[in-house]
There are 2 protein chains.
Amino acid sequence: MVSDSINPNISVDCVVFGYDFKHLNVLLVERTLIGVNNETIFSDYSLAGNHIYEDEDIDGAASRILEDLTGFKKVYLKQFQSFAHPDRLKKIRDQKWLRSIGYNSQNRVITVGYYALLNCKEVTIHPGNRIVKWTPVEKVKKLAFDHNEILSNALDDLRLKMRTSPIGYELLPKKFTLSQLQKLYEVIYDTRIDKRNFRKKIAKLNYIVPLNEKQKGVAHKPAQLYMYSQEVFEITKREFFDITI
Amino acid sequence: MVSDSINPNISVDCVVFGYDFKHLNVLLVERTLIGVNNETIFSDYSLAGNHIYEDEDIDGAASRILEDLTGFKKVYLKQFQSFAHPDRLKKIRDQKWLRSIGYNSQNRVITVGYYALLNCKEVTIHPGNRIVKWTPVEKVKKLAFDHNEILSNALDDLRLKMRTSPIGYELLPKKFTLSQLQKLYEVIYDTRIDKRNFRKKIAKLNYIVPLNEKQKGVAHKPAQLYMYSQEVFEITKREFFDITI
DNA sequence: ACAAAAGTGTTCTAGATACACCCATGA
DNA sequence: TCATGGGTGTATCTAGAACACTTTTGT
């Protein structure tokens, strides 16, 4: 399928967002530079990213990188922005790192940013030989390259996109409760929502479908489970005109 | 400032939108391939685009391309999507064209898509030695390369963006009437809006400021002129939570 | 029996929609 | 004086906001 020649000028970076019912997390990959005497020169984190193959589409490259790192395929993945500042890989530690892994550190590299949405509890990460960790987005420290900027723009785009399309469900398990959905909005927009008003609003959306099933094994009244139906959404959505600002 | 070495793998394409109070137009550049006997092999249109210089940022490259073509600088310009399909330049006529202008037609090229917003009546295009024309977006025929796809995605992004940020004003002159603004929304969303309701809505937006000035020289009651104030918008905007779908 | 989250209704306010006539100007 | 687009108000309906108690389960 894919040739073994990579394009040295084009890479893809994936911001992998995962929701665990408490925080919005991002999946970070450890980057540790070891010196000749086996000492650690530095250790920090980066987003999941890599160069693309010459005969590979970028959407395909993004899924490949995600599958490589996590072991699963069917994940919501959206291209949101490209980053191409000539100096984006020119910080000293980034240059050292690039040379250590055998790259020509003088190459101009444009990276295409994607974000992935998934539910932490529904998936298991198979990181191969890399060390990865989930970090709540508000606790992320200084990352490799321009990855803080990439993360921050991904978050902005996610917040915007969630207001105009039903993508929040990608961060939840197939079957979810209304409280889990409400908490998701509260976490992403850092706000509080009234439970009764929220439920009235959701009740009007016919693409959020109640199932004949309740939560089990919880130490309180078990909640009704719901699913999101893409099919119902497609059929019932309508164009609207609104100057929301 | 800018070195003379271009990056053969990275280009920028600008979708230049212009509003003329009747249509949303896009600026197209003629592409004519002339044979050895001076016969026209084909003639069609493309978006405004070019490769970037090695030491140039892509935002800078986009403004440069826009300035080259139109002769003006201060234009709203937004990156919206990158296009990187391996076969995007592989159609026969595109290959012929690339060879005729001295490019290696086998190069893999990723292009970063931008759109520009301006008012046709407020600007004069200085296209240099190129032939350009404004075309209403709904009348655009088959374009060069993957430019129809780029245009169509730019339009989708513009329609989405206009719902959540005040960018429509970039398509109007500095001073505009409420009817011109209403018509803009009607054209872009292909819809009809009730005049009284529209005006009530606008009246609530304090960043659309009435001026002490009216239209002149029109064969009917002259309209009140308004301006958009970015400054007022920045100060009065507030975050909002909304599941609009 | 207690702790924990689920689930539910009413009142008030604000915004959306539908709709028709008079006004100021240039030709 | 006519043609053209500018400008205005009311009544109805729908959606948003504020607010507190009972229910069901596991421990």
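Protein chains get the first letters and strands the later ones, always in sequence-line order, with residue 1 at the start of each. Predicted, not measured: the structure shown is a model, and the values here were computed from it.
When each of A/Lys216 and B/Leu225 is assigned the nucleotide of DNA chain D with its nearest heavy atom, B/Leu225 is the one assigned upstream, toward the 5' end. Remark on DNA chain C: of its neighbouring residues A/Ala219 and A/Leu178, the 5'-side contact belongs to A/Ala219, judged by nearest-heavy-atom nucleotide.
In this model, the phosphate group of C/dC19 is not approached by any side-chain N or O of B/Arg196 to a distance below 4.0 Å at OP1 or OP2. Side-chain N/O atoms of A/Ser179 include none lying less than 4.0 angstrom from OP1 or OP2 on C/dA5.
Whole-Å rounding puts the A/Ile202 CD1 to C/dT8 P distance at 14 Å.
Each of C/dT25, C/dA18, D/dT23 was ranked by its minimum atom distance to the side chain of A/Lys221; first place goes to D/dT23. Minimum atom distance to the side chain of B/Arg199 is reached by D/dG6, of the listed D/dG6, C/dC19, C/dA6. Checking D/dT4, D/dA18, C/dT17 against the side-chain heavy atoms of A/Asn197 singles out D/dA18 as nearest. Nearest to the side-chain atoms of A/Lys195 among the listed nucleotides C/dG7, C/dA4, D/dG7 stands C/dG7.
Neither side chain, A/Gln224 nor A/Tyr226, offers a donor N or O lying under 3.5 Å from an acceptor on the other. Using a 3.5 Å distance cut-off with no hydrogens or angles, the side chains of A/Thr111 and A/Asp13 do pair a donor with an acceptor. Between the side chains of B/Thr32 and B/Glu30, at least one donor-acceptor pair of N or O atoms lies under 3.5 Å.
Within the 4.0 angstrom heavy-atom criterion, only backbone atoms of the sugar-phosphate kind lie near A/Lys204; the bases stay farther away. A/Gln215 comes within contact range of no nucleotide atom at all, as no heavy-atom separation falls under 4.0 Å.
Between A/Tyr114 and A/Phe80, a ring centre-to-centre spacing not shorter than 6.0 Å is recorded.
With hydrogens and angles ignored, no donor-acceptor pair closer than 3.5 Å exists between the side chain of B/Lys201 and the base of C/dG15. At a cut-off of 3.5 angstrom, the base of C/dT17 holds at least one donor-acceptor pair with the side chain of B/Lys200.
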